[in-house]
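Below is one structure, written out as structure tokens; comments come after it.
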Protein chains: 2
Amino acid sequence: MLEIRHLKSLKAIAETGKLGLAAERIFLTQSALSHQIRALETHYDIVLFERSNIGLRFTPAGQRLLDLANELLPLIEKSERDLIRLKSDQSGELRIVLECHTCFDWLTPVMDAFRRAWPEVEVDLVAGFHSDPWHLLHAGKADVVIGGLPDKIKDLQHLALFKFEIMAVLPPDHALRNKSRLLAADFANETLITYPVPETRIDIIRQVLQPANISFTRRTAELTIAIMQLVASRRGIAALPSWGIQNYVEHDYVIAKHIGTSGLWSELYAIGTSEMMARPYAKDLARIIRDVCAGNLKGIKLLAP
Amino acid sequence: MLEIRHLKSLKAIAETGKLGLAAERIFLTQSALSHQIRALETHYDIVLFERSNIGLRFTPAGQRLLDLANELLPLIEKSERDLIRLKSDQSGELRIVLECHTCFDWLTPVMDAFRRAWPEVEVDLVAGFHSDPWHLLHAGKADVVIGGLPDKIKDLQHLALFKFEIMAVLPPDHALRNKSRLLAADFANETLITYPVPETRIDIIRQVLQPANISFTRRTAELTIAIMQLVASRRGIAALPSWGIQNYVEHDYVIAKHIGTSGLWSELYAIGTSEMMARPYAKDLARIIRDVCAGNLKGIKLLAP
DNA sequence: CTTAGGTATGAATTTAATTCAAATTTAACA
DNA sequence: TGTTAAATTTGAATTAAATTCATACCTAAG
């Protein structure tokens, strides 16, 4: 009766605190999860959660099953990795390029986990900025690009990672501080602080400002923290992934606003040649990124695999 | 994709070595198990077993998943026990009566496991022989009888354990040594060696010899080993559970034969008052007996729970 | 070359999980 | 005190998955 699926559900509920979010994370409807949990409760004739309008709280029985999940799921994942390795050459090379600057934030724990899982694979970060990172794949200079999907995906294969919201970052006393979301026009005549990359690689410019023909000043900084300092000292506004700015927002250095009517979302993929993406360790890299990021980055949504 | 159900299947296959037997043990058809395993193999794109006309052998990948099963299933069972305990009083008393003499063989490991699981419950064996053990339940002298179902089950509740085959035991040079199975008539004028209990409590007499009106001599011995020695030294023949005689047969002290055309099978239940059998630790006793015996006694078949 | 004892297969069936479309609950707000 | 928003529940309909049934297939032994 109890199945691994249930344990995964419990884990998702624990991580999100809400049935709806948990359901989304494991690609079910909220209703399905409700039914599933209810079936468990009926089966064991025990209550697993205290429900309220703010979410679920584990009862001791629920906690006991959650403990089981936390004990079992890592073992299961390890076994599944072992199975993959049993049928494949375990060694290889994996040169990673990041399209997106902020991704450095989570890359370190990912690389650590990957090296632990695939000690025989040589992982490297391809250094420097590249105006067309996907080109490096065909040129044999890199194995995987982590970024958005390129327009022409000739001979390239991709694995879905997650999507995240890019939010506008303002100083706390900015004139727009009371709007709940900023529209393209709000950026007119503002100074936009970005990483030093071409405009076509900056989502807010490509997808919001340019289409609306908004004129603005641009200023660049290399590091996220430098950008935040510029914003905090009222030199301009920025647009950054919600998970990259959380700390600064919590400490009231800056405030964050949604962009556009439904938010500005960006999707991340692991992209490589078909030959490379067929390798088990490349698939596993994607899995590890999804795992690590789902655990560490608040507000992201995993894409359907 | 991988579910606990699959792990249970793998365990059953490991224990039986054959798809058909494994399927029976987990109450599925052979076909269902075959489909299930095939689905796993397809999913991971890996072969789990080498099939042959004598059964299945685990490949390294299969073994890896079996290892996972052996690691996980005990943890899961422990959690389920904890859930039961979370909703119930954990203490109580459990006085066990054995209807069947040979059952002492497996009772010790069962009691050990039970004491570990329910340290607060006082377990006792009700000593001595009782001509009507079920009566002790209503008299308040015992809590659970382990034996066959009584004819009148007034106010009694039972939990199914397992069934086993009772086989005839002969000295290796007996005149009937070449028959593959003994019929009632074969016992005519033989000496039957039994435990010292009334004839109505000896299955072969009640179900085979008496209906066929066979006359025979009876001789008794207290212990299984004593009965075996009498048989080996040609003082008579006996009828004992297949699992109780395995050792002696393997060492060629004695030989074993099926009884009747389809074998003589006996079923074992845990029987108690409704009040007692509703208690979680009584249900758990039955589960422990099933588990321990399925693991230790060759040739038994678990009854549907 | 047949049989016995095992597994595999495909279609039909049954069972279980999931979705869909409300309904309900509850706290916060005006 | 009603209204809304954000959550969960519910029951019926749907979809997907597991299981069975009936039979085919395989292989070693006689």
Side-chain angles (χ1 to χ4, degrees), chain A residues 1-10 12-59 62 178 180-181 258 262-263 299 301 304-305, chain B residues 1-10 12-59 62 178 180-181 258 261-263 298-299 301 304-305:
Chain A
M1 166 67 218
L2 179 71
E3 290 292 0
I4 290 171
R5 148 171 45 96
H6 297 120
L7 300 180
K8 289 181 175 161
S9 299
L10 290 171
I13 294 172
E15 285 167 355
T16 60
K18 301 207 172 61
L19 222 43
L21 292 177
E24 184 175 63
R25 172 160 305 193
I26 56 182
F27 303 103
L28 284 180
T29 60
Q30 181 271 340
S31 173
L33 240 195
S34 178
H35 281 297
Q36 194 184 86
I37 296 299
R38 176 53 51 99
L40 267 190
E41 292 186 321
T42 306
H43 177 73
Y44 289 112
D45 187 23
I46 210 166
V47 177
L48 297 176
F49 303 98
E50 288 163 23
R51 280 83 161 167
S52 77
N53 63 328
I54 60 164
L56 304 184
R57 222 178 61 211
F58 285 74
T59 62
N178 291 321
S180 78
R181 43 184 65 252
H258 298 283
S262 52
K301 294 191 190 300
Chain B
M1 166 66 218
L2 179 71
E3 290 292 358
I4 290 171
R5 148 171 45 97
H6 297 121
L7 299 181
K8 289 181 175 162
S9 299
L10 290 170
I13 294 173
E15 284 167 356
T16 60
K18 302 211 169 60
L19 223 42
L21 292 177
E24 184 175 63
R25 171 159 306 194
I26 56 181
F27 303 103
L28 285 180
T29 61
Q30 178 270 335
S31 172
L33 241 195
S34 177
H35 281 297
Q36 190 181 285
I37 296 300
R38 177 53 51 101
L40 266 190
E41 292 185 321
T42 306
H43 177 72
Y44 288 112
D45 187 23
I46 209 165
V47 178
L48 298 176
F49 302 99
E50 288 162 24
R51 280 85 161 166
S52 78
N53 61 329
I54 61 165
L56 304 183
R57 223 178 61 212
F58 286 73
T59 62
N178 290 321
S180 79
R181 42 184 67 253
H258 298 284
T261 48
S262 54
K298 243 184 95 175
K301 293 192 192 299

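The chains referred to below are lettered A, B, ... by the order of the sequence lines, with proteins before strands, and numbering in each begins at 1.
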Verdict with supporting geometry, Lys18(A) and Gln30(A), side-chain contact (heavy atoms from CB on, under 4.5 Å): CA-CA 9 Å; Lys18(A) 301 207 172 61; Gln30(A) 181 271 340; over 6 Å; no
Of all heavy-atom pairs between Arg181(B) and Thr261(B), which one has the smallest distance, and what is that distance? NH1-O, 3.1 Å
side-chain contact (heavy atoms from CB on, under 4.5 Å), that's the test. Do Glu50(B) and Thr59(B) meet it? Break it down for me. CA-CA 7 Å; Glu50(B) 288 162 24; Thr59(B) 62; 4.2 Å; yes
dT18(C) phosphate, OP1 or OP2, under 4.0 Å from Gln36(A) side-chain N/O: yes
Taking the nucleotide of DNA chain C with the closest heavy atom to each, which residue, Gly55(B) or Ser31(A), is nearer the 5' end? Gly55(B)
Does anything in residues 19-30 of chain A reach DNA chain D, meaning a heavy atom under 4.0 Å, and if so which residues? Leu19(A), Gly20(A), Gln30(A)
Between N or O atoms, less than 3.5 Å apart, protein on one side and nucleotides 27-30 of chain C on the other: list the pairs.
from    : atom 1 : to       : atom 2 : distance (Å)
dA27(C) : O4'    : Asn53(A) : ND2    : 2.9

For [X] and [N], what is the distance between atoms [atom1] and [atom2] respectively, to the nearest whole Å?
X	N	atom1	atom2	result
His6(B)	dA17(D)	NE2	P	12 Å
Lys8(A)	dA17(C)	NZ	P	15 Å
Arg51(B)	dT27(D)	CZ	P	13 Å
Leu33(B)	dT9(C)	CG	P	15 Å
Glu3(B)	dA16(C)	CD	P	14 Å
Leu56(B)	dG5(C)	CG	P	17 Å

Where the side chain of Glu3(B) meets the backbone of Ile4(A), is there a donor-acceptor pair that is under 3.5 Å apart?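 Pair found, side chain donor or acceptor close to backbone of Ile4(A).
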Test your reading of the model: is there a side-chain donor-acceptor pair from Thr16(A) to the backbone of Leu21(A), 3.5 Å cut-off? no
Step-by-step side-chain contact (heavy atoms from CB on, under 4.5 Å) determination, Ile26(B) to Leu33(B): CA-CA 9 Å; Ile26(B) 56 181; Leu33(B) 241 195; 4.2 Å; yes
When you measure from the side chain of Arg5(B), which nucleotide among dT8(D), dA8(C), dT19(D) comes out closest?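 The answer is dT19(D), which lies nearest to the side chain.
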Side chain of Ser34(B) only, please: which of dT10(D), dT18(C), dA8(C) is the nearest? dA8(C)
If you look only at pairs with a residue in residues 23-35 of chain A, which of them pass as a salt bridge (charged side-chain N to carboxylate O under 4.0 Å, His left out), with sequence neighbours excluded?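 The answer is Glu15(A)-Arg25(A), Glu24(A)-Lys301(A).
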Arg51(B) vs Arg57(B) side-chain heavy atoms within contact, under 4.5 Å: no
Which residues in residues 37-50 of chain B have at least one heavy atom lying under 4.0 Å from any atom of DNA chain C?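 Only Arg38(B) qualify.
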Using a cut-off of under 3.5 Å, enumerate the N/O to N/O pairs linking the protein to nucleotides 12-16 of chain D.
none

Among Arg38(B), Glu41(B), His6(B), exactly one meets side-chain contact (heavy atoms from CB on, under 4.5 Å) together with Leu48(B). Which residue is that?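 Testing each of Arg38(B), Glu41(B), His6(B) against Leu48(B), the sole residue satisfying side-chain contact (heavy atoms from CB on, under 4.5 Å) is Glu41(B).
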Enumerate the residue pairs fulfilling ring pair (Phe, Tyr, Trp, His ring centres under 6.0 Å) with a member in residues 20-57 of chain A, sequence neighbours excluded, ordered by first and then second residue.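 Listed once each, the pairs are Phe49(A)-Phe58(A).
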Under the criterion side-chain contact (heavy atoms from CB on, under 4.5 Å), I'd like the reasoning laid out for Ile13(A) against Ile37(A): C-alpha separation, chi angles, the key distance, then a yes or no. CA-CA 10 Å; Ile13(A) 294 172; Ile37(A) 296 299; 3.8 Å; yes
With rounding to the nearest 0.5 Å, note down the distance linking CG in Leu28(B) to OG in Ser34(B). 11.5 Å
